[in-house]
Amino acid sequence: MPESITGLERLRSFIAIATRLASPQALAQTPELATAFADLVGHDDWLPEACTVPHPQYYRQYLLHCDPLERFSLVSFVWGPGQFTPVHDHEVWGYVGMLRGAEINQRYVRAADGRLAPAGEPTTLRPGDVERLSPAEGDIHRVSNAYPDQVSISVHLYGGNIGAVSRHVFDVETGQAKPFVSGYSSATLPNLWDRSAAVRAALG
Ligand code: FE2
């Protein structure tokens with residue numbers, strides 16, 4: 001993406017790239033998409049203020065855009081101090097990119113006795129870092145705000161309408177899976193389409 005673009009134009013530009021890559025079939029994890037996503041989260045000048053607001057008790061998942069054919073969705077994940085997810089899966093692929101603060105990602109695998117065991121050491125994502133999720137490679141994890149005293153924000157791209165995907169949360173001790181549909185924290189979307197100022201400026 002050109003360095004000259006900022007704000008909502010940056011978000012709109014990424015969505016246009018993803019939509020082009022998704023046509024006519026499903027969007028897939030490709031180097032071109034990974035590069036565009038890394039570029040998006042490598043700049044912190046575009047996320048609308050309304051999609052950065054934490055909740056005192058629960059982490060927030062704000063929908064930024066959903067493809068009309070539900071081939072992909074983009075959300076901002078806002079962590080209040082010390083907040084964390086249950087252990088969960090996704091059922092669709094994803095990219096997680098850190099925008100502000102930091103988050104800790106602990107992956108899990110199912111052990112022979114059916115319980116879930118940590119898969120390796122937790123990793124920490126910092127601004128600009130991108131983590132890839134793939135159900136085929138094992139995508140069960142727990143994510144936590146790395147900070148007990150400050151808000152962190154990551155941006156997630158998923159290969160479906162993530163808020164409406166039927167997926168699972170897990171009891172770590174027993175390995176038991178329970179159905180989980182996350183929904184979204186917001187009832188409105190950022191308005192990407194009021195480009196009137198740029199059009200007026202071009203008129204001179
Ligand atoms: Fe996740």
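One-based numbering along the sequence shown. This structure is a prediction, so every number in the text was calculated from the model and none was measured.
- Two different hydrophobic clusters hold Tyr158 and Ile153 under the rule that ILVMFWY side chains link at heavy-atom gaps under 4.5 Å.
- Residues Arg71 and Val92 are not in side-chain contact: their nearest non-hydrogen atoms beyond the backbone lie 4.5 Å or more apart.
- Not a single donor-acceptor pair under 3.5 Å links the side chain of Arg110 to the backbone N or O of Ala117.
- Trp79 and Val87 are members of different hydrophobic clusters when ILVMFWY side chains are connected at heavy-atom separations under 4.5 Å.
- Between the side chain of Gln29 and the backbone N or O of Gly94 there is at least one donor-acceptor pair closer than 3.5 Å.
- Rounding to the nearest 0.5 angstrom, the gap separating the CG atom in Leu192 from the OG atom in Ser13 is 11.0 Å.
- Applying the salt bridge (Lys or Arg N to Asp or Glu O under 4.0 Å) rule to Arg12 yields no partners; only residues at least two apart in sequence or on another chain are considered.
- Asp89 is not listed as a side-chain neighbour of Tyr108, based on a closest heavy-atom distance of 4.5 Å or more.
- Between the CD atom of Glu70 and the CG atom of Leu27 there is a distance of 14.0 Å, given to the nearest 0.5 Å.
- Looking only at distances, no side-chain donor or acceptor of Glu131 sits under 3.5 Å from a matching main-chain atom of Thr124.
- For Glu32 (side chain) and Ala18 (main-chain N/O), no donor-acceptor pair under 3.5 Å exists by modelled atom type.
- Residues Leu33 and Phe14 have side chains in contact (heavy-atom distance under 4.5 Å, counting atoms from C-beta outward).
- Two residues are said to be in side-chain contact when any heavy atoms from C-beta on lie closer than 4.5 Å; Leu116 and Val109 fail this criterion.
- In terms of heavy-atom proximity, Gln106 sits nearest to Pro118 at NE2-CB, 3.5 Å.
- Hydrophobic clustering keeps Tyr184 apart from Leu157 (ILVMFWY residues linked when any side-chain heavy atoms are closer than 4.5 Å, directly or through intermediates).
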Any chance you could lay out the ring-ring contact (aromatic ring centres under 6.0 Å, His included) test for Tyr59 and Phe77, step after step, and finish with the verdict?
CA-CA 7 Å; Tyr59 60 86; Phe77 230 86; 5.2 Å; yes
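- With sequence neighbours excluded, the residues satisfying side chain to side chain donor-acceptor pair (under 3.5 Å) with Glu137 are Arg132.
- Ile162 and Leu189 fall within a single hydrophobic cluster, where Ile, Leu, Val, Met, Phe, Trp and Tyr are joined by side-chain heavy atoms under 4.5 Å apart, directly or via other members.
- At least one side-chain heavy atom of Leu74 sits under 4.5 Å from a side-chain heavy atom of Leu40.
- Using a cut-off of 4.0 Å between Lys/Arg side-chain N and Asp/Glu carboxylate O, Arg142 and Glu103 are scored as not salt-bridged.
- Qualifying salt bridge (Lys or Arg N to Asp or Glu O under 4.0 Å) partners for Asp45, counting only residues two or more places apart in sequence or in other chains: Arg10.
- Among Ser182, Ser185, Ser76, the single residue meeting the side chain to side chain donor-acceptor pair (under 3.5 Å) criterion with Gln61 is Ser182.
- Between Met98 and Val155 there is no side-chain heavy-atom pair separated by less than 4.5 Å.
- Aromatic ring centres of His141 and His88 lie closer together than 6.0 Å.
- Between the side chains of Asn145 and Ser152, at least one donor-acceptor pair of N or O atoms lies under 3.5 Å.
- Annotation: side chain of Phe170 is in contact with side chain of Ile140 (closest heavy-atom distance under 4.5 Å).
- With hydrogens and angles ignored, the 3.5 Å screen pairs a side-chain donor or acceptor of Thr174 with a backbone N or O of Gln176.
- In the hydrophobic clustering of ILVMFWY residues, with side-chain heavy atoms under 4.5 Å counting as a link, Leu133 and Tyr95 come out apart.
- The line from OH of Tyr147 to CD1 of Ile104 is 9.5 Å long, rounded to the nearest 0.5 Å.
- Interatomic distance, CD of Glu91 versus NE2 of His168, reported as 5.5 Å (0.5 Å rounding).
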